[in-house]
Each structure stands twice: as C-alpha cells, then as structure tokens.
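Everything below concerns the one structure shown next.
Read the numbers this way: they start at 1 and go in the same order the structure lists the ligands and their atoms. Quick note: residue numbers are just sequence positions, from 1.
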Amino acid sequence: MDALSEVYKDHPLSLHEITPFDFNSVQLPVPDSHAWPPSSHPVVSPNEQLSSIPVVDLRDHDAVEVIRRGCETWGVFQVVNHGVTQQLVEEVESQTRRLFSLPLRQKMAALRTPGGSTGYGVARITPFFSKLMWHEGFTIIGSSADHAGKLWPDDYLGFCNVMDEYQKRMKILAEELLSLILKSLNIPQGRVNWGDLTGEAEGPTMALQLNSYPTCPDPTQTIGLAPHTDSFLFTILHQSDSDGLQIFKDGVGWVPVDPVPGALVVNIGDLLHIISNGQFPSVLHRAVTNRTMHRVSVAYFYGPPMDFQLSPVVNSSHECPCYRSLKVKEYISIRSKHLDRALSMIRI
Ligand SMILES: C=C1C[C@]23C[C@@]1(O)CC[C@H]2[C@@]12CCC[C@@](C)(C(=O)O1)[C@H]2[C@@H]3C(=O)O
Ligand SMILES: O=C(O)CCC(=O)C(=O)O
Ligand SMILES: [Fe+2]
C-alpha cells in the first residue's frame, strides 16, 4: 500500500462542518479524533541518503541544472539568494505567530465561510481523512483586510501590509522560478503563455496559506498535515526554524527537508506534473508535529489563471502526451472531489 492510501479514507463530514480544535486545552492522552495509526514507511535521516535535496543559489550560473536535478529526483529544492529580504520573512513569521496565538474564540471570528476559500480553518484536505490533523490554517487570496479586520478591529493594518508586501515579492520570485523551471524542461516560455488571459479579470492563481502546528504532547500519534501533493504549479514555502516538513521518496521513505537558514523550499505541484508530461512529478509531502516548538510555515501557491487550457508540452514528435488537455479550473474541481486520484483520472 502506498503512503497516501494508507491514511486515506472518505470522511463522513464535509469541510465546513469540521470546526477547528482548541489546541491550548489539550492534555495526554491525545484525543481519539486526532490519534493516527503509525505509518509503515520509515523516516530516513539525511545522512542515510545517497544524495541530498539540492539548495539552488539563484545567482549561480548552474541554477537551471540544479533545479532540474531537484525537480526530477526529489520534486523539491531549496532556494537561496532569492531576493526576498530576511526582514520581510521574519515579519511574515511574526504576524503569523501573532494570529495563531489569539484565543480560539477570536480566531473563529475570521472562520472560512461554507463555500468560501479564505480565512481561518482546518486544511481543505481534511474531509479525505478519517482522523483530524494537528494543524490550523489561515488562507489569504489577495487582500487579507476583511478577515484581519475581524481579528483585530483596531489594529489590522500591520498584518495586512506585511502580507501584501510578501505576496508581491512572492509573485516576482515565482515568475523568475517559472522561467528557470521551463528552461530546465527545454520548454520555450511561449508554449505556456497565459499573458493573453491577463487582459481579462484574471491573472495567475495565487494563494498564501499560513500554517500553524501547535506543540503536541505525543508526536508519535499525530500528524501536522497529512500526506498530499499541492495542486498548482509549485509552492514556495517558508518554514520556521524547526523540523517538520518531510517528502516521500519511493523505495526510500519519508525524507525530512531540513530548514536551511535564509532558504525557501520550492515543491512541485500537480499542474507542473501535467505540463511537464510527468517529467517533474508532483511530490507527496507531509508535516509532522513537535513536542516543544510551535512550528509555523507560510506557503505561497502559484499557478496559471483558472481559465487557462493546460496541456502536457511534449518536446518531440515521438513523445505522446500522458494527460488529456483541460482547463485549470476543471482540474482543481476534479481534485477537490478525488484528491490523490485526480492525476490518474485525467491520464490518457
Ligand atoms: C490555493 C490553494 C492551495 C490549497 C487549497 C487553496 O485553495 C488554499 C489552501 C491550500 C492548501 C494548504 C494545505 C495543503 C493543501 C493541499 C490544502 O488542503 O489547502 C493546499 C491546497 C492545494 O494545494 O490544493
Ligand atoms: O508546513 C509545512 O512544512 C508544509 C505545508 C504544506 O505542505 C502546505 O501548506 O501545502
Ligand atoms: Fe503542501
């Protein structure tokens, strides 16, 4: 059984019926709702690996090569000299901690509404699992002013300004990364050009997800974020200075992505898997919990506009597309119903 099916099960509840948990009140034993069976896959320590997840210096002349190795071999790489100041990253982390440190009652004022996609709440993938995660999240798409105004009626601008600035910087970095990733795939930028669509209401799809993993009395029984791939082209992640993120490598097991000071983690999502015709597979990953540190992470998701027609780009007439052509919004809708089965459902 693969690592995802092992924990995958239809949940009897729909997303809006699952309310966030008050982690401040928790004691041992871990409540049954949050107690997961152990994974049968080992966690492999970095020094047991033959090679390690690459760290790409964006100023180096070999950046494209290192990115190709990261994407093909691991589905993930870390990036330094990315142009986002350490000060901004620290401010985002500090505002994220400020948000999640609020009492649950206050956070509930910014709860994601049924059918809505922004605000405070459990992870979107929650209904696909029979157990709940040791996690709370806050999703921002565009401005965060409405939700932040509910959290801090008199003092929300500090939060919004930092999140706005971070999203602007992330967009610049995402565009630079996209161009390097396409080079590493030998795909001319013109073949995946959604510039034509930006004259309409839509630009690229972007979302910022603040993740919080409260300290946990028994990390062996809990999971921070269950195994999943991300939906969009790629995700740029800032993780606070504590272990937690792990990627799944076939035949090896769970490999920790150790925090590198100043680095951002980039992981491949399903849409890049499709565009690259499977050459850059989306990576299964999870977050584990920690007994002593309150870990937070900030994930920026980047993809084409929802109306963009996706097709695998094949480099020669001998190569056949492995996935059918479809709009981004159609893929996201299939995924929202079938999660990890979505890619195989659109396979030709
Ligand atoms: C743009 C998005 C990507 C995301 C779903 C969302 O609408 C906002 C939250 C994102 C997130 C973060 C945690 C893991 C994940 C799988 C989830 O449940 O919500 C991702 C989603 C995704 O990549 O599909
Ligand atoms: O917190 C992490 O390290 C992982 C977060 C993540 O996978 C996500 O937001 O999609
Ligand atoms: Fe993820």
Could you list which atoms of ligand 2 come closer than 4.0 Å to a heavy atom of [X]?
{"X": "His285", "value": "7 (O)"}
{"X": "Leu237", "value": "3 (O), 5 (C)"}
{"X": "Tyr213", "value": "1 (O), 2 (C), 4 (C), 5 (C)"}
{"X": "Phe301", "value": "9 (O), 10 (O)"}
{"X": "Asp230", "value": "10 (O)"}
{"X": "Arg295", "value": "1 (O), 2 (C), 3 (O)"}
{"X": "Ala299", "value": "9 (O)"}

Kindly assign one of parallel, tilted or perpendicular to the pair Trp152 and Phe159, based on the angle between their ring planes and the thresholds 30° and 60°.
tilted
Measure the acute angle between the ring planes of Tyr302 and Tyr300, then classify it against the limits of 30° and 60° as parallel, tilted or perpendicular.
parallel
Nearest to [atom], what protein heavy atom do you find, and at what distance?
{"atom": "atom 9 (O) of ligand 2", "result": "Asn211 ND2, 2.9 Å"}
{"atom": "atom 7 (O) of ligand 1", "result": "Arg124 CD, 3.8 Å"}
{"atom": "atom 13 (C) of ligand 1", "result": "Leu225 CD2, 4.1 Å"}
{"atom": "atom 20 (C) of ligand 1", "result": "Phe301 CZ, 3.9 Å"}
{"atom": "atom 6 (C) of ligand 2", "result": "Leu225 CD2, 3.4 Å"}

Check whether the side chains of [X] and [Y] place a donor and an acceptor atom closer than 3.5 Å, and report yes or no.
{"X": "Gln95", "Y": "Glu91", "answer": "no"}
{"X": "His285", "Y": "Thr229", "answer": "no"}
{"X": "Ser333", "Y": "Lys337", "answer": "yes"}
{"X": "Gln239", "Y": "Ser297", "answer": "no"}

Just give me the atom name: the N, O or S atom of Asp230 closest to the Fe ion (ligand 3).
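Of the nitrogen, oxygen and sulfur atoms in Asp230, the Fe ion (ligand 3) lies nearest to OD1.
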Ligand-residue contact atoms, ligand 1 with [X], heavy atoms, under 4.0 Å:
{"X": "Ala207", "answer": "1 (C)"}
{"X": "Thr139", "answer": "8 (C)"}
{"X": "Phe232", "answer": "1 (C), 2 (C), 3 (C)"}

Could you tell me whether Tyr120 and His147 have their ring centroids closer than 6.0 angstrom?
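No, ring centres 6.0 Å or more apart.
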I'd like to know whether ligand 1 has Arg335 as a neighbour, heavy-atom separation below 4.0 Å.
yes
Considering distance alone, does some N or O of His228 sit under 3.5 Å from an N or O of ligand 2?
yes
Tell me the contacting part of Ser231 for ligand 1: side chain, backbone, both, or neither, using a 4.0 Å heavy-atom threshold, strictly below.
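Both backbone and side chain of Ser231 come within 4.0 Å of ligand 1.
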Answer with side chain, backbone, both or neither: which part of Gln209 has a heavy atom less than 4.0 angstrom from an atom of ligand 1?
side chain
Is it true that [X] and [Y] have a side-chain N and a carboxylate O under 4.0 angstrom from each other?
{"X": "Asp155", "Y": "Arg98", "result": "yes"}
{"X": "Glu65", "Y": "Lys183", "result": "no"}
{"X": "Arg295", "Y": "Asp241", "result": "no"}

Arg324 side chain vs Met345 backbone, donor-acceptor pair below 3.5 Å:
no
Donor-acceptor contact below 3.5 Å, side chain Ser184 vs main chain Ile67
no
Is ligand 2 under 4.0 Å from a heavy atom in the side chain of Tyr300, in the backbone, in both, or in neither?
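Looking at Tyr300 and ligand 2, no heavy atom falls under 4.0 Å.
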Among Tyr323, Phe280, Phe232, find the one that has a ring-ring contact (aromatic ring centres under 6.0 Å, His included) with His273.
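Exactly one candidate clears the test, Tyr323.
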Any N or O of His228 that comes nearer than 3.5 Å to an N or O of ligand 1?
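N/O-N/O distance under 3.5 Å: no.
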